[in-house]
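A short write-up of the structure that comes next.
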Amino acid sequence: MSDPILLDVRDGLARLTLNRPQRLNAFNRDLAEAFAESAVEVTSRDDVGAILIDAAGPAFCAGGDVMDMASQMRAGAQLEALADVINSGLSALTTSAVPVVAAAHGTTAGGGLGLLLSSDYAVVGANSRIGSKYANIGLTPDLTVTAQLARAVGERRALQLVLQDRLLSADEALEWGLVAEVVPAGADPDAGVLADAVRARAEEVARFWLAGAYKAYGQAKRLVRSASETTFAEQLEDEARTIGAMFDTDDARARVAEFALAASRKSG
């Protein structure tokens, strides 16, 4: 039996790969626990400066494994407990000072939408489809969907998505601000080729962070993510404290000095 999550940490990049392709990477107990454990680990490691989340097979994540629910669960408390496990991983991703990019090829639905929302930068393919779909089986959104969707796309659009049997196209998701980039299909129409292109572009994004002031990117992410939970005054204090702390780092001092030197040469 293959591992439900593949974790690779190399050169500052942590790659978490959902690995239940035969079930469209839908969450069951094994994947939930492996995901939560891996997410908490990589957001706690000093050698990780960026996180990439991708998936094996034809889809990014279809949410919860409905077949598993029907055959294994006898009470709502079991589903609640499963959501709590996954939420611990999603919370680690969203509250950390490590930027997260998602390579969300193919279909993203249900709780997979929450996983996409927990990334800071989402790359999809031209054939990608994204939606809620919870009500189709009589359930309500979980895994951060109601906590994050309206903040990402606005309340009216969030309601359109959760109150309709709708999957957004890649272009619609881009226009709504739900994703950052759409990778075009190119000359080869094969879905696997496009999925590889989505993964490659997501890795380019992560490498861009790592090649730059990745700690500053991480703190900028943390500040934006935490703003809704603080007062205006508290946010200003956090901003001032954080920029001061970053200025004391060797990386920032070197970059500031380099910028000042280049500016003086131009003006001279």
Side-chain angles (χ1 to χ4, degrees), residues 5-19 25 35 38-39 41-43 45-57 59-61 89-90 92-108 112-130 144 148 151-153 168-186 191-226 246 251-252 255:
I5 283 281
L6 304 179
L7 173 60
D8 179 71
V9 179
R10 197 177 313 174
D11 300 326
L13 175 62
R15 184 189 294 266
L16 277 69
T17 301
L18 308 181
N19 193 37
N25 299 304
F35 165 75
S38 298
E41 176 187 342
V42 297
T43 54
R45 289 176 57 157
D46 293 334
D47 62 337
V48 171
I51 297 169
L52 191 161
I53 302 175
D54 62 8
F60 179 59
C61 181
L90 297 176
L93 294 175
T94 56
T95 61
S96 76
V98 183
V100 180
V101 59
H105 72 282
T107 299
T108 297
L113 176 58
L115 180 56
L116 183 146
L117 288 164
S118 296
S119 71
D120 307 304
Y121 198 102
V123 181
V124 299
N127 66 346
S128 293
R129 297 293 181 268
I130 301 169
T144 80
Q148 300 198 83
R151 285 161 50 187
V153 304
L168 298 178
S169 69
D171 288 340
E172 286 175 321
L174 180 66
E175 193 272 325
W176 281 28
L178 190 56
V179 304
E181 295 186 28
V182 177
V183 176
V193 172
L194 182 54
D196 287 341
V198 171
R199 297 184 189 100
R201 176 54 192 151
E203 183 168 345
E204 286 180 357
V205 172
R207 296 293 180 193
F208 167 79
W209 294 331
L210 291 168
Y214 66 89
K215 290 185 178 179
Y217 285 125
Q219 288 297 329
K221 166 254 180 83
R222 182 191 62 79
L223 285 166
V224 171
R225 285 284 195 178
S226 65
M246 294 307 301
D251 182 57
R255 289 175 184 274

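Only heavy atoms go into these numbers, but all of them, side chains included; no hydrogens, no water, no symmetry mates.
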For a quick test of reading the model, state the closest non-hydrogen atom pair linking [X] to [Y] and the distance between them.
X: A103; Y: F60; result: O-CD1, 3.4 Å
X: S118; Y: L93; result: O-CB, 4.1 Å
X: A92; Y: A39; result: CB-O, 4.1 Å
X: A185; Y: A126; result: N-CB, 3.8 Å
X: R199; Y: D196; result: NH1-OD1, 2.7 Å
X: L116; Y: S119; result: O-OG, 2.6 Å

Do [X] and [Y] touch side chain to side chain, with heavy atoms closer than 4.5 Å?
X: L210; Y: D11; value: no
X: H105; Y: V183; value: no
X: N25; Y: F35; value: no
X: L117; Y: L178; value: yes
X: T108; Y: V124; value: no

Which distance, rounded to the nearest 0.5 Å, do you find between the [atom1] of [X] and the [atom2] of [Y]?
X: Y121; Y: F208; atom1: OH; atom2: CZ; answer: 9.0 Å
X: R225; Y: Q148; atom1: CZ; atom2: CD; answer: 5.0 Å
X: S169; Y: N127; atom1: OG; atom2: CG; answer: 11.0 Å
X: L168; Y: S128; atom1: CG; atom2: OG; answer: 11.5 Å
X: W209; Y: D120; atom1: CH2; atom2: CG; answer: 6.0 Å

> Can N19 and I5 be said to form a side chain to side chain contact (heavy atoms under 4.5 Å, CB included), step by step?
Replying inline: CA-CA 5 Å; N19 193 37; I5 283 281; over 6 Å; no
> Can you check side chain to side chain contact (heavy atoms under 4.5 Å, CB included) on E175 and E172, steps first, answer last?
Replying inline: CA-CA 5 Å; E175 193 272 325; E172 286 175 321; 5.6 Å; no
>> E41 vs L7, test: side chain to side chain contact (heavy atoms under 4.5 Å, CB included). Steps then yes/no.
In response: CA-CA 10 Å; E41 176 187 342; L7 173 60; 3.7 Å; yes
> Does E204 come within less than 4.0 Å of R201, counting only side-chain N to carboxylate O?
Replying inline: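 A salt bridge is present here (some side-chain N lies under 4.0 Å from a carboxylate O).
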>> Let's go through L16 and V42 carefully: what are the C-alpha distance in whole Å and the side-chain angles of both, what is the deciding distance for side chain to side chain contact (heavy atoms under 4.5 Å, CB included) to 0.1 Å, and is it a yes or a no?
In response: CA-CA 9 Å; L16 277 69; V42 297; 3.9 Å; yes
>> My understanding is that only one of T144, L18, V100 makes a side-chain contact (heavy atoms from CB on, under 4.5 Å) with L115; could you say which?
In response: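 In the set T144, L18, V100, the residue that makes a side-chain contact (heavy atoms from CB on, under 4.5 Å) with L115 is L18.
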Show me the donor-acceptor pairs within less than 3.5 Å that the side chains of residues 46-54 make with the rest of the protein, sequence neighbours left out.
{"residue": "D47", "atom": "OD1", "partner": "R45", "partner atom": "NE", "Å": "3.0"}
{"residue": "D47", "atom": "OD2", "partner": "R45", "partner atom": "NH2", "Å": "2.8"}
{"residue": "D54", "atom": "OD1", "partner": "T17", "partner atom": "OG1", "Å": "2.5"}
{"residue": "D54", "atom": "OD2", "partner": "R15", "partner atom": "NH1", "Å": "2.8"}

> Please, which pairs that meet side chain to side chain donor-acceptor pair (under 3.5 Å) have at least one residue in residues 92-103, sequence neighbours excluded?
Replying inline: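 Side chain to side chain donor-acceptor pair (under 3.5 Å) check on residues 92-103 returns no pairs.
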>> Can you confirm whether the side chains of R222 and Q219 place a donor and an acceptor under 3.5 Å from each other?
In response: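 Result is yes, a qualifying pair exists.
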